[in-house]
Amino acid sequence: MEVIPSPLFLGITMKNQMKLSDNGFNILGELEGIVLRPYKDSVGIPTIGIGSTYYEDGTKVKMTDKAITKERAIQLAKNVVKSFEEQVNKSILLPMTQNQFDAMVLLCYNIGKSGFARSSVVRNFNLGNIQRAADSFLLWNKAGGRVVQGLVNRREKERSLFLS
């Protein structure tokens, strides 16, 4: 007699790997803006393009780097966002909607993979408390230890996307 594995176990090992939607990428561009020359973000980290702090090969952006084109900025962001998609897919254990996934990738892109993995957004979502997970986005509103209005606005937009 052939043994057929339970779909519950299959879901763990053969989980769909979600990707950021075009809408999610467009929102990323709105939230991050596009700057073609290296600049320092709100906490002094060299950044370029659509909020990229490093290149595809893992090299950190330096203030002495050459300017890039808009096309290169888009290509860089699309390539770099893959590691954040992977982090969200790895961290989230329950099924999610495309908008929930997109919102969590946007958050992860901004706060970093380790910050996201340890966040109350992840913890609450994995406990099945979607409303508390949504509200947890709002906690990530500080840079350099102080509340930044731009982050307050960003988190509201991500939370709205998450709940839509």
Side-chain angles (χ1 to χ4, degrees), residues 15 17-35 38-63 65 68 73-164:
K15 182 176 160 186
Q17 295 300 299
M18 295 183 76
K19 302 288 183 199
L20 188 66
S21 70
D22 290 342
N23 181 55
F25 190 79
N26 289 337
I27 294 171
L28 177 66
E30 290 171 22
L31 294 172
E32 293 287 344
I34 185 166
V35 181
Y39 67 96
K40 289 190 177 180
D41 70 5
S42 61
V43 291
I45 298 172
T47 306
I48 198 165
I50 302 173
S52 297
T53 58
Y54 58 90
Y55 299 100
E56 293 93 339
D57 65 0
T59 304
K60 290 184 176 186
V61 173
K62 296 183 291 304
M63 293 304 295
D65 291 348
I68 60 176
I74 291 168
Q75 175 192 37
L76 175 61
K78 284 185 175 183
N79 289 331
V80 168
V81 83
K82 291 175 186 174
S83 69
F84 297 99
E85 293 168 337
E86 290 170 9
Q87 183 63 55
V88 173
N89 280 312
K90 182 170 78 172
S91 298
I92 299 301
L93 306 176
L94 299 177
M96 59 192 136
T97 67
Q98 184 66 54
N99 284 349
Q100 289 168 337
F101 178 79
D102 287 354
M104 287 190 275
V105 170
L106 298 175
L107 177 67
C108 187
Y109 192 89
N110 188 243
I111 69 173
K113 291 178 267 192
S114 63
F116 177 78
R118 293 178 284 125
S119 75
S120 54
V121 172
V122 170
R123 191 169 46 258
N124 287 315
F125 191 92
N126 285 337
L127 289 171
N129 193 330
I130 304 307
Q131 187 60 52
R132 191 170 282 171
D135 294 343
S136 295
F137 276 82
L138 304 178
L139 302 174
W140 293 89
N141 63 359
K142 295 178 185 73
R146 60 184 173 78
V147 174
V148 175
Q149 189 60 48
L151 290 177
V152 170
N153 299 343
R154 179 182 181 129
R155 299 302 170 240
E156 285 287 349
K157 186 158 193 157
E158 291 165 347
R159 180 179 178 275
S160 293
L161 176 62
F162 181 87
L163 289 171
S164 65

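Along the sequence shown, the residues carry numbers beginning at 1. In what follows, every heavy atom counts, from backbone to side chain, and hydrogens, waters and symmetry copies are set aside. Keep in mind the model is a prediction, meaning the values are calculated, not measured.
When the side chain to side chain donor-acceptor pair (under 3.5 Å) test is applied to S164, the partners found at least two apart in sequence or on another chain are N99. With sequence neighbours excluded, the residues that form a side chain to side chain donor-acceptor pair (under 3.5 Å) with K113 are S83. For E85, the salt bridge (charged side-chain N to carboxylate O under 4.0 Å, His left out) criterion is met by no residue, not counting sequence neighbours. Residues meeting the side-chain contact (heavy atoms from CB on, under 4.5 Å) test with I34, sequence neighbours left out: L36, I50, K70, A73. Annotation: side-chain contact (heavy atoms from CB on, under 4.5 Å) contacts of D57 (sequence neighbours excluded): Y55, T59. R159 pairs by the salt bridge (charged side-chain N to carboxylate O under 4.0 Å, His left out) definition with D135, not counting sequence neighbours. By the ring pair (Phe, Tyr, Trp, His ring centres under 6.0 Å) test, F84 pairs with Y109, sequence neighbours left out. Residues satisfying the side chain to side chain donor-acceptor pair (under 3.5 Å) test with D41, not counting sequence neighbours, are none. Residues passing the side chain to side chain donor-acceptor pair (under 3.5 Å) test with N153, sequence neighbours excluded: Q149. For E30, the salt bridge (charged side-chain N to carboxylate O under 4.0 Å, His left out) partners at least two apart in sequence or on another chain are K157. Every residue was checked against the salt bridge (charged side-chain N to carboxylate O under 4.0 Å, His left out) condition with E156, not counting sequence neighbours, and none meets it.
Atoms CD1 and CD1, from I68 and I48 in turn, are 4.0 Å apart once rounded to the nearest 0.5 Å. Taken from CG in N129 to CZ in R123, the straight-line distance is 11.5 Å, to the nearest 0.5 Å. Note: L94 CG to I130 CD1 = 7.0 Å, rounded to the nearest 0.5 Å. Atom CZ of R155 is separated from atom CZ of F162 by 13.5 Å, given to the nearest 0.5 angstrom. Note that the CE atom of M63 and the NZ atom of K40 stand 6.0 Å from one another [nearest 0.5 Å].
Using a 4.5 Å heavy-atom cutoff, the side chains of N110 and F116 are not in contact. The shortest side-chain heavy-atom distance between L107 and R154 does not fall under the 4.5 Å cut-off. Under the 4.5 Å side-chain criterion, counting only non-hydrogen atoms from C-beta, T47 is not in contact with V35. No side-chain heavy atom of I92 sits under 4.5 Å from any side-chain heavy atom of Q100. Counting heavy atoms from C-beta outward, L76 and E56 have side chains that approach closer than 4.5 Å. Residues L161 and E158 form no side-chain contact, since every pair of their non-hydrogen atoms from C-beta on lies 4.5 Å or further apart. Inter-residue side-chain proximity for P46 and K62 is flagged as unmet; no heavy-atom pair is nearer than 4.5 Å.
Across every non-hydrogen atom of G51 and Y39, the tightest pair is CA-OH, 4.1 Å. Closest approach of N126 and S91 over heavy atoms only: ND2-O, 2.9 Å. In terms of heavy atoms, P95 sits closest to F125 at O-CZ, 3.5 Å. Across every non-hydrogen atom of V61 and S52, the tightest pair is CG2-O, 3.5 Å. Across every non-hydrogen atom of Q131 and L163, the tightest pair is OE1-CD2, 4.2 Å. Heavy atoms only, all atoms of each residue included: V88 and C108 are closest at CG2-CB, 4.1 Å.
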In a table with atom names and distances, give each donor-acceptor pair under 3.5 Å that connects a side chain of residues 136-147 to protein atoms at least two apart or in another chain.
from, atom 1, to, atom 2, distance (Å)
S136, OG, S120, OG, 3.2
S136, OG, N124, ND2, 3.0
S136, OG, R132, O, 2.8

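A distance-only check finds no donor-acceptor pair linking the side chain of S114 to the backbone of G112 [under 3.5 Å]. Listed for the N89 side chain is no donor-acceptor partner under 3.5 Å among the backbone atoms of Q17.
With salt bridges taken as basic N to acidic carboxylate O contacts below 4.0 Å, none links K90 and E86.
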